[in-house]
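Taking it in order: structure first as structure tokens, then the write-up.
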Amino acid sequence: MTRRRTPRTSVIRLTTGHAARTLTHPYARRQPVLALDFGATSVLVTTHGPATVEDLEFARQLAREASRFARSLERSLHSLPDGTGVAA
């Protein structure tokens, strides 16, 4: 990831759970939309017009970080002492 250029002024925390899900809406005649749903709150990720190289790089960066997040969760589940989180 690149270094943050502006200081962070606020943080919104959206936690996963039974109502959390992700959806991709690939439209034929406009830019796709990635929806991150957290119950009553949705975050929509899309471009502001025709896709650019920067848009593609952001999407790849998002995919890399999501993969790292999933691997971290897998490690956490495997390390539970009672074995309840061990994946089959």
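- Salt bridge absent: E57 and R60 never bring a charged side-chain N and a carboxylate O closer than 4.0 Å.
- Taking 4.5 Å as the limit, some side-chain heavy atom of L34 sits within range of a side-chain heavy atom of L62.
- Of all heavy-atom pairs between H25 and A35, the closest is NE2-CB, 4.0 Å.
- Considering CG of D37 and OG1 of T16, their distance stands at 13.5 Å, rounded to 0.5 Å.
- When all heavy atoms are compared, the tightest approach of Y27 to V33 is CE1-CG2, 3.9 Å.
- Contact of the V43 side chain with the L14 side chain is registered, since non-hydrogen atoms from C-beta on lie closer than 4.5 Å.
- Of the inter-residue distances, the one linking T46 atom OG1 with D55 atom CG reads 8.5 Å to the nearest 0.5 angstrom.
- Between the side chain of S76 and the backbone N or O of S72 there is at least one donor-acceptor pair closer than 3.5 Å.
- Between P32 and P26, the shortest heavy-atom contact is CB-CA, 4.2 Å.
- The closest donor-acceptor contact from the side chain of T47 to the backbone of P50 lies at 3.5 Å or more, if one exists at all.
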Task: Full working for salt bridge (Lys or Arg N to Asp or Glu O under 4.0 Å) between E65 and R68 - done: CA-CA 5 Å; E65 294 304 318; R68 288 179 182 157; 2.6 Å; yes
